[in-house]
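Values reported hereafter were calculated over all heavy atoms of this structure, with side chains retained and with hydrogens, waters and symmetry mates removed.
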Amino acid sequence: MKRVVGGAVLVVGIGLAVGACGARSTPVGAPPATTVATTTTAVSTAATQPVYVEFDPTPAAQKPAELDIYNHTELTGINWSSWGEGTAQGTGVLADNTCTPDCAAGHDNKFDATVKLTDIQQVNGKQEYTRYTVTFPEQGKYPDLARALTDQPTNPAH
């Protein structure tokens, strides 16, 4: 899945960087390395700027106390144990509406849960975590929910 994050960035193969240091990275007679244009910008895990997370429709925030994951699924009371490096991690309460027989009449299943944010990218001029996984002890009983919360984009609109 390609994500549109900002302006295009030209990514130059590692071989060209090594070649600039004097070592030959391409065997004699091999085709030249190609360049690839991409729309995301990887950011070093050592964050030098503040890092945010954005779950649509909630605006980008640092260490939010809650995440509206889907229309009827949210994580509240989040206590962040790490933030700002390559991975952020926190614990809270996951509430998932059963929507049975419909969402208005459904009830929330609630679980103690852990959220892990990864993949810092430059988004609209800010560093943001762009992927998340939520785990909870009862995952085996709710495999569809567990899959829906594993390695997902924080904001598919990006």
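- The shortest distance between side-chain heavy atoms of Val134 and Leu94 falls below 4.5 Å.
- For the atom pair CD (Glu74) and OG1 (Thr58), the distance works out to 9.5 Å, reported to the nearest 0.5 Å.
- Looking only at side-chain heavy atoms (C-beta outward), Lys126 and Gln49 stay at 4.5 Å or farther from each other.
- Looking only at distances, no side-chain donor or acceptor of Glu138 sits under 3.5 Å from a matching main-chain atom of Lys141.
- Note that CD of Glu128 is 10.5 Å distant from CD1 of Ile120, once rounded to the nearest 0.5 Å.
- Distance check, rounded to the nearest 0.5 Å: CG of Asn155 to CZ of Phe55 gives 9.0 Å.
- Under the 4.5 Å side-chain heavy-atom criterion for Ile, Leu, Val, Met, Phe, Trp and Tyr, Tyr70 and Tyr129 are members of the same hydrophobic cluster.
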One pair to check against side chain to side chain contact (heavy atoms under 4.5 Å, CB included): Tyr132 and Leu75. What are the steps and the verdict?
CA-CA 12 Å; Tyr132 74 93; Leu75 188 64; over 6 Å; no
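- In this structure, Leu149 CG and Phe136 CZ are separated by 6.0 Å, a value rounded to the nearest 0.5 Å.
- With contacts defined as side-chain heavy-atom distances shorter than 4.5 Å, the pair Pro59/Tyr52 does not qualify.
- Trp83 contributes a side-chain N or O that, together with a main-chain N or O of Val51, makes up a donor-acceptor pair within less than 3.5 Å.
- Checked against salt bridge (charged side-chain N to carboxylate O under 4.0 Å, His left out), Asp151 has the following partners two or more places apart in sequence or in another chain: Arg131.
- When side chains are defined from C-beta on, Lys116 counts as touching Thr87, because their heavy atoms get closer than 4.5 Å.
- A donor-acceptor pair under 3.5 Å links the side-chain atoms of Gln152 to the main chain of Thr150, judged by distance alone.
- A search for side-chain hydrogen bond (donor to acceptor under 3.5 Å, both in side chains) contacts involving Asp144 returns Arg147, not counting sequence neighbours.
- Evaluation of the side-chain hydrogen bond (donor to acceptor under 3.5 Å, both in side chains) rule for Tyr142 yields no partner, not counting sequence neighbours.
- We find the OG1-CD1 distance between Thr154 and Ile69 to be 11.0 Å, quoted to the nearest 0.5 Å.
- Between Phe111 and Leu145 the shortest side-chain heavy-atom distance falls below 4.5 Å.
- With sequence neighbours left out, the side-chain hydrogen bond (donor to acceptor under 3.5 Å, both in side chains) criterion links Thr73 to Asp96.
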Show your working on side chain to side chain contact (heavy atoms under 4.5 Å, CB included) between Gln89 and Val115 and close with a plain yes or no.
CA-CA 6 Å; Gln89 188 161 317; Val115 60; over 6 Å; no
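- Side-chain contact between Pro64 and Val53: present, with at least one pair of heavy atoms (C-beta onward) separated by less than 4.5 Å.
- Judged by distance alone, the side chain of Thr100 and the main-chain N or O of Gly106 form no donor-acceptor pair under 3.5 Å.
- For residues 57-158, the disulfide bond (SG atoms under 2.5 Å apart) pairs, not counting sequence neighbours, are Cys99-Cys103.
- To the nearest 0.5 Å, the span separating OG1 on Thr130 from CG on Asp119 amounts to 3.5 Å.
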May I have the step-by-step check of side chain to side chain contact (heavy atoms under 4.5 Å, CB included) for Thr98 and Asn109, ending in yes or no?
CA-CA 7 Å; Thr98 63; Asn109 286 326; 3.5 Å; yes
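- Residue pairs meeting the disulfide bond (SG atoms under 2.5 Å apart) criterion with at least one member in residues 104-133: none, sequence neighbours excluded.
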